There are 2 protein chains.
Amino acid sequence: MKRTSLAGDGCPVARALDVFGDWWSLLIIRDASLGRRRFGEFQESLGLAKNILASRLRTLVERGILKMVPASDGSVYQEYVLTPKGRGIFPILVALRQWTEEFDEHPDEIATIMVDRDNGKPVKKLALYSQDGRVLDAAATMLKPRPAKRKRVTA
Amino acid sequence: MKRTSLAGDGCPVARALDVFGDWWSLLIIRDASLGRRRFGEFQESLGLAKNILASRLRTLVERGILKMVPASDGSVYQEYVLTPKGRGIFPILVALRQWTEEFDEHPDEIATIMVDRDNGKPVKKLALYSQDGRVLDAAATMLKPRPAKRKRVTA
DNA sequence: ACATCCGGTTTAATATTGCAACTACACAAG
DNA sequence: CTTGTGTAGTTGCAATATTAAACCGGATGT
């Protein structure tokens, strides 16, 4: 009864979840984007079992979200840092955060807010825009079959 | 060794994941936002076990993401539709989708693109803005402790 | 030389998942 | 009235994943 893989699915949402849609991966990525890099840092911050952490780090590296780099402090160990592909997950973290800020039942339990580093002001809410600058909600969008990429039909 | 709950966590990302951070919930929400409403529709679309679907629908209803409404077609059955809290998840789905579009190794396997219903043009990429309109990446942001909401200190 | 830290792996108990079979109800046909 | 069909689940069991805790091996500190 293997956990069904979504990797072959045509839906881009499912494909993303296949990569980091489990309980811990996104939290590891969140920690990494906050500057944590060491096995021990992740483990202490997240409080998950070490075998699971090891396993998650391994697959995140395999999938190009994290990469291992030699010790920044001269020690023998490795550190885990986000690749560009991993940093690309940032908007997803922001969207999750903002959803909680807007809808959580106990907003008083939210510990932090995200601010602009330059002036300390809260960031704006994410919004989806059309090419001509209107804000779109779900009902204003549609899914279209992806146009097939034609392979050098020229000539 | 119960699956650790993130509900009490101060991190808003963790709190969101606690609500719909498991393998299937977000896909159910995606389907719901595409207009699917019936148990059987979800089950056929997702191909998951019926007991799991029943369990996920139950908790999504409990948590105010979905609500059950009486049959829209006059039948005896119930349907599951998104609440406003559930519709608020839309930006997260968009962010996931766009991440795959940008970083997936096999973009040719992505079946659909999201377009503006009004003119059929692709939507813009989500971006995080500062109050004064600059685009912010992760490095340009910071987390600040949430300012305590003071309770009527006046007088 | 000895203890400790770091980054894991191994083990065993427990929880969750998946499949398939079964139930319950409404409705329709014969 | 009896049988059949569709929908929406529940139940039981086997397979797999998660967890906590013990263990391990190489560096480092004293």
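Since the model is a prediction, treat every value here as computed from it, not as a measurement.
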Quiz item: Can you name the residues that form a salt bridge (Lys or Arg N to Asp or Glu O under 4.0 Å) with A:K125, not counting sequence neighbours?
Solution: A:E102
Quiz prompt | Phosphate OP1/OP2 of D:dT19 contacted by A:W24 side-chain N/O (<4.0 Å) | solution = yes
Practice problem: Report the distance from atom CG of A:D73 to atom C1' of C:dC5, rounded to the nearest whole Å. | Solution: 13 Å
Quiz item: When all nucleic acid strands are considered with a 4.0 Å heavy-atom cut-off, which category describes A:A49: base, sugar-phosphate, or nothing?
Solution: base
Quiz item: Is the distance from OP1 or OP2 of D:dA8 to the nearest side-chain N or O of B:R58 less than 4.0 Å?
Solution: no
Quiz prompt | Sole candidate of B:T59, B:L57, B:I29 that passes side-chain contact (heavy atoms from CB on, under 4.5 Å) when paired with B:L66 | solution = B:L57
Self-check item: DNA chain D contacts among residues 34-46 of chain A, heavy-atom distance under 4.0 Å
Solution: none
Quiz prompt | Pairwise distance CZ(B:R117) to OG1(A:T141) - rounded to 0.5 angstrom | solution = 7.0 Å
Quiz prompt | Pair B:R87-B:S33, side-chain donor/acceptor within less than 3.5 Å | solution = no
Quiz item: B:I52 has an atom CD1; how far is it from atom P of D:dG9, in whole Å?
Solution: 15 Å
Practice problem: Give me the residues of residues 64-72 of chain A where at least one heavy atom lies under 4.0 Å from an atom of DNA chain D, by number, or none. | Solution: none
Practice problem: Measure from CG on A:L57 to P on C:dG8 and round the result to the nearest Å. | Solution: 7 Å
Self-check item: Rounded distance in Å - CG (A:L48) to C1' (C:dG7)
Solution: 13 Å
Quiz item: Quick one: A:N51 CG to D:dT16 P, roughly how many Å, whole number?
Solution: 18 Å
Self-check item: Interatomic distance, A:D22 CG vs D:dT16 C1' [rounded to whole Å]
Solution: 15 Å
Practice problem: Enter the distance from B:F42:CZ to B:K50:NZ here, rounded to the nearest 0.5 Å. | Solution: 15.5 Å
Quiz item: To the nearest angstrom, how far is A:W23 atom CH2 from D:dT16 atom C1'?
Solution: 18 Å
Quiz item: So A:D118 and B:R134, salt bridge (charged side-chain N to carboxylate O under 4.0 Å, His left out) or not? Walk me through it.
Solution: CA-CA 11 Å; A:D118 281 358; B:R134 282 166 296 120; 3.1 Å; yes
Exercise. Would you kindly give the CG-to-P distance between B:L53 and C:dT17, to the nearest whole Å?
Key: 13 Å
Quiz item: Under the salt bridge (charged side-chain N to carboxylate O under 4.0 Å, His left out) rule, what pairs show up with a residue in residues 91-100 of chain A, not counting sequence neighbours?
Solution: A:R97-A:E101
Quiz item: Taking the six-membered ring where the residue is Trp, are the ring centres of B:F20 and A:W99 under 6.0 Å apart?
Solution: yes
Quiz item: Taking a hydrophobic cluster as the set of Ile, Leu, Val, Met, Phe, Trp and Tyr residues connected by side-chain heavy atoms closer than 4.5 Å, whether directly or through intermediates, do B:L34 and B:V69 fall within one such cluster?
Solution: no
Quiz item: Going 5' to 3' along nucleotides 21-26 of chain C, which nucleotides have protein heavy atoms under 4.0 Å from the base (write B), which only from the sugar-phosphate (write S), and which from neither (write -)?
Solution: -----S
Practice problem: With sequence neighbours excluded, tell me which residues meet salt bridge (Lys or Arg N to Asp or Glu O under 4.0 Å) with A:R30. | Solution: none
Self-check item: Single-linkage hydrophobic cluster, 4.5 Å side-chain cutoff, A:L46 and A:I89 together
Solution: yes
